[in-house]
Amino acid sequence: MKHIVAQLVTDALAELPELADAAADLSIESTVERTRDASHGDFATNIAMRLAKPARKNPRELAASIVAALADDADVDSVDIAGPGFINFHLNLSAFHAELETILLQGENYGRQASRDRPKILLEFVSANPTGPLHVGHGRGASFGATVGNLLEAVGYPVHREYYVNDAGRQMDILGVSVWLRMLEKDGIAVGFPQGGYRGGYIRDIAETINTDGVTSVSAESVLSGLPADAPEGDKEAYLEALIGKARTLLGEAGFDHVRQQSLELIRDDIEDDLAEFGVTFDTWYSEQSLTKTNRIDDALEVLRKRGMLYEKDGASWFPATDFGDEKDRVVIRANGIKTYFASDIAYHFDKRERGFDHLIDILGADHHGYLARVRAGLEAMGYKGDDLEVELVQFVTLYRGGKKMQMSTRSGEFDTLRQLRAEVGNDAARFYYVSRSNDQHLDFDLDVAKSQSSDNPVYYIQYAHARIASVFRQLAEKSLKWNDTEGRNHLALLVEPQEKALMTSLSRYPELIELSANNRAPQHLVHYLRDLANDFHTYYNAHAFIVDDTMLRDARLYLISATRVVIANGLGILGVSAPEKM
RNA sequence: GCGCCCGUAGCUCAACUGGAUAGAGCAUCAGCCUUCUAAGCUGAAUGUUGCAGGUUCGAGUCCUGCCGGGCGCGCCA
């Protein structure tokens with residue numbers, strides 16, 4: 001709907017060649033906005049004030065000349081100039097009626113834009129280490145990423161969702177040894193469980209279910225002999241390293257690998273199931289191991305080397321990240337010959353671009369913010385633009401129950417997994433609350449509110465509006481009445497109540513909200529919009545009956561609430577929240 | 001110490017990339033069900049936007065410096 005006004009202003013400006021220079025680098029669409037106050041009309045543009053300086057003219061005079069150049073339009077009732085130079089547009093109700101018709105014609109596609117070819121977006125999110133179940137912090141990344149993906153698709157971008165599985169490196173050895181020790185424990189061989197191992201109960205579960213074919217049985221003596229002390233008496237890392245060495249020698253590389261890979265697969269499958277139940281799915285699960293297997297890391301390092309972007313120092317290979325604005329140079333191959341995590345990270349992002357994705361979005365936990373500069377440096381060093389990589393940081397989540405902050409460490413608190421959270425508050429509430437705040441703000445997640453089935457709870461408030469509309473149509477059927485949508489469309493002019501105008505206005509904003517939310521990667525705008533829309537509906541519901549004797553009025557009102565149902569369902573769909581017919 | 005994120009009503013949060021009188025919900029108080037779901041609605045009250053400067057027609061929003069909180073600064077992943 002906004003484009004009606006933007007087009008008028010654009011055409012008017014074309015009539016004023018003397019302003020062409022001043023308006024050259026101004027997006028007219030961006031100057032048009034909804035008014036905050038109904039007395040200012042429906043839309044306003046601040047273009048006269050924006051052009052005042054470059055055109056060296058008084059904003060009100062400029063506004064007057066723009067208004068004079070505006071063509072007459074059936075959708076516009078009146079235009080006036082207000083304040084320092086705002087141009088206010090009062091639209092004809094017919095424009096809103098046409099929008100309602102569009103909503104019902106387009107249905108679930110309302111608010112979606114035609115698909116475009118580019119940029120092709122690779123959206124990487126969650127990417128939690130496959131060393132244990134997802135915790136509540138990952139849930140936020142999952143909800144945010146999934147919703148941003150939906151938003152970007154809604155505005156037409158091709159989006160590829162990817163989960164990067166960190167299934168290589170030392171953490172896999174630690175996982176394998178943790179499981180092995182629990183297996184030994186089950187067989188009555190007690191080895192001091194390492195401080196640095198994974199201690200969660202799920203490790204025991206894996207030890208129970210793992211396929212032991214090909215895993216050598218060992219004696220207690222062979223494991224315990226020659227082990228150094230664990231912390232606090234000894235060194236935690238040395239103890240862990242010694243145990244990993246034991247696993248390697250006693251089980252053999254193949255045997256240890258068997259335990260490691262099975263553990264990995266069980267955890268990865270569990271994560272995938274968890275996310276699928278949460279409505280979060282991926283197009284690819286990209287394995288870090290595969291980077292090594294396909295030599296992608298060596299390929300990337302070779303590209304750097306050819307470009308003179310590697311140097312040797314202290315026996316290690318370094319990448320001169322400072323040349324690209326990072327704080328310090330980074331090691332890619334350690335003196336012991338092992339490649340660093342940064343090497344695989346750089347190769348991974350290189351690979352993303354090589355696979356043909358134009359724009360890379362990484363959704364990361366806030367504790368990863370240090371990586372942006374170096375990975376971006378890596379891309380630039382390999383000849384890509386640093387801007388190709390966009391990082392959205394998701395801040396931490398704090399759970400509250402009974403007004404108190406909950407401890408969420410694996411050891412002290414029992415409550416820390418995403419699965420537990422979903423079981424307690426439900427998927428809808430979880431998906432909703434996770435995106436209700438800007439991603440760069442800390443999130444206080446109040447379990448009591450999320451669970452409450454009352455007006456305190458915005459999820460239910462919005463869903464209830466949807467269910468109420470469905471209920472109205474059930475009532476209609478019970479009274480053996482039928483809604484004639486054509487008649488409804490023809491008599492929309494009968495909708496003259498203030499609540500009806502307010503609802504129509506809110507509905508017409510939906511496409512703008514989707515675009516805003518997508519462009520800013522800001523689902524919380526959509527959340528707040530839906531809350532306001534539901535409020536407009538509930539207010540209307542309480543003020544006026546829809547199923548009235550006057551057939552024409554009834555059909556028109558049902559037309560309006562049908563459109564409301566469509567918009568609420570579409571908005572909730574983007575958030576990954578269900579739109580129930582009945583509550 | 002350096003870097004990133006943040007600071008708005010008693011609480012939880014908005015404010016459409018610089019616009020008009022900074023808005024919602026919760027909590028508090030007063031009302032509304034013989035009528036489509038009261039999981040709802042109506043009304044009342046709440047501010048030195050952390051502090052101090054600066055930029056301009058105009059600043060919660062941009063810049064600088066403080067104060068306060070969170071996170072990060074490995075040849076770990």
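In what follows, chains are A, B, ... by sequence order, proteins preceding strands, each numbered from 1. Everything numeric here is computed off the predicted structure, so don't read it as measured data.
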Determine which pairs satisfy salt bridge (Lys or Arg N to Asp or Glu O under 4.0 Å) with at least one residue from residues 334-350 of chain A, sequence neighbours left out, and list them in order.
->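 Listed once each, the pairs are A:D298-A:K339.
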Could you list all the salt bridge (Lys or Arg N to Asp or Glu O under 4.0 Å) pairs where at least one residue sits in residues 514-525 of chain A, not counting sequence neighbours?
->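 Output for this query lists A:E390-A:R521.
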State which residues pass salt bridge (charged side-chain N to carboxylate O under 4.0 Å, His left out) with A:E29; sequence neighbours excluded, sorted by chain then number.
->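 In terms of salt bridge (charged side-chain N to carboxylate O under 4.0 Å, His left out), with neighbours along the sequence ignored, A:E29 is linked to no residue.
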With sequence neighbours excluded, residues passing salt bridge (charged side-chain N to carboxylate O under 4.0 Å, His left out) with A:R34 =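 Only A:E512 meet the salt bridge (charged side-chain N to carboxylate O under 4.0 Å, His left out) criterion with A:R34.
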Counting only non-hydrogen atoms, which of residues 546-569 of chain A are less than 4.0 Å from RNA chain B?
->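 The answer is A:F546, A:I547.
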Any residue of residues 331-339 of chain A with a heavy atom less than 4.0 Å from an atom of RNA chain B =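 Under 4.0 Å from RNA chain B: A:V331, A:R334, A:A335.
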Quiz: residues 476-484 of chain A side-chain donor-acceptor pairs under 3.5 angstrom, not counting sequence neighbours:
residue	atom	partner	partner atom	Å
A:W483	NE1	A:D555	O	3.0
A:N484	OD1	A:T486	N	3.0
A:N484	OD1	A:E487	N	3.0

Ignoring backbone atoms, test whether A:N535 places a side-chain nitrogen or oxygen under 4.0 Å from the OP1 or OP2 oxygen of B:rC41.
->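 Affirmative; the distance criterion is met.
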Using a 4.0 Å cut-off on protein heavy atoms (strictly under), produce a 5'-to-3' string for nucleotides 56-62 of chain B with B for base contact, S for backbone-only sugar-phosphate contact, and - for none.
-> -B-----
How does protein contact run along nucleotides 1-8 of chain B, one letter per nucleotide 5' to 3', with B for base contact, S for sugar-phosphate only, - for none, heavy atoms under 4.0 Å?
-> --BBSSS-
side-chain hydrogen bond (donor to acceptor under 3.5 Å, both in side chains) with A:Y286: which residues, sequence neighbours excluded?
->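 A:Y286 satisfies side-chain hydrogen bond (donor to acceptor under 3.5 Å, both in side chains) with A:D351 once adjacent residues are dropped.
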Most 5' of A:R170 and A:Q475 on RNA chain B, judged by nearest nucleotide =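 This one resolves to A:Q475.
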Between A:D326 and A:R330, does at least one N-O distance fall below 4.0 Å, as a salt bridge requires?
->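 Here A:D326 pairs with A:R330 in a salt bridge, since their nearest N and O are under 4.0 Å apart.
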Roughly how far apart, to the nearest Å, are B:rU61 and B:rU56 at atom C1'?
->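 The same atom, C1', in both gives a distance of 14 Å.
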Which stems, defined as runs of 3 or more consecutive Watson-Crick or G-U wobble pairs with both pairing distances under 3.5 Å, involve RNA chain B?
->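 So the stems come out as B:1-7 with B:67-73, B:10-13 with B:23-26, B:28-32 with B:40-44, B:50-54 with B:62-66.
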Pair up each side-chain donor or acceptor in residues 47-62 of chain A with any protein partner under 3.5 Å, not counting sequence neighbours, and list the distances.
residue	atom	partner	partner atom	Å
A:N58	OD1	A:R60	N	2.7
A:N58	OD1	A:E61	N	3.2
A:R60	NH1	A:G83	O	2.5

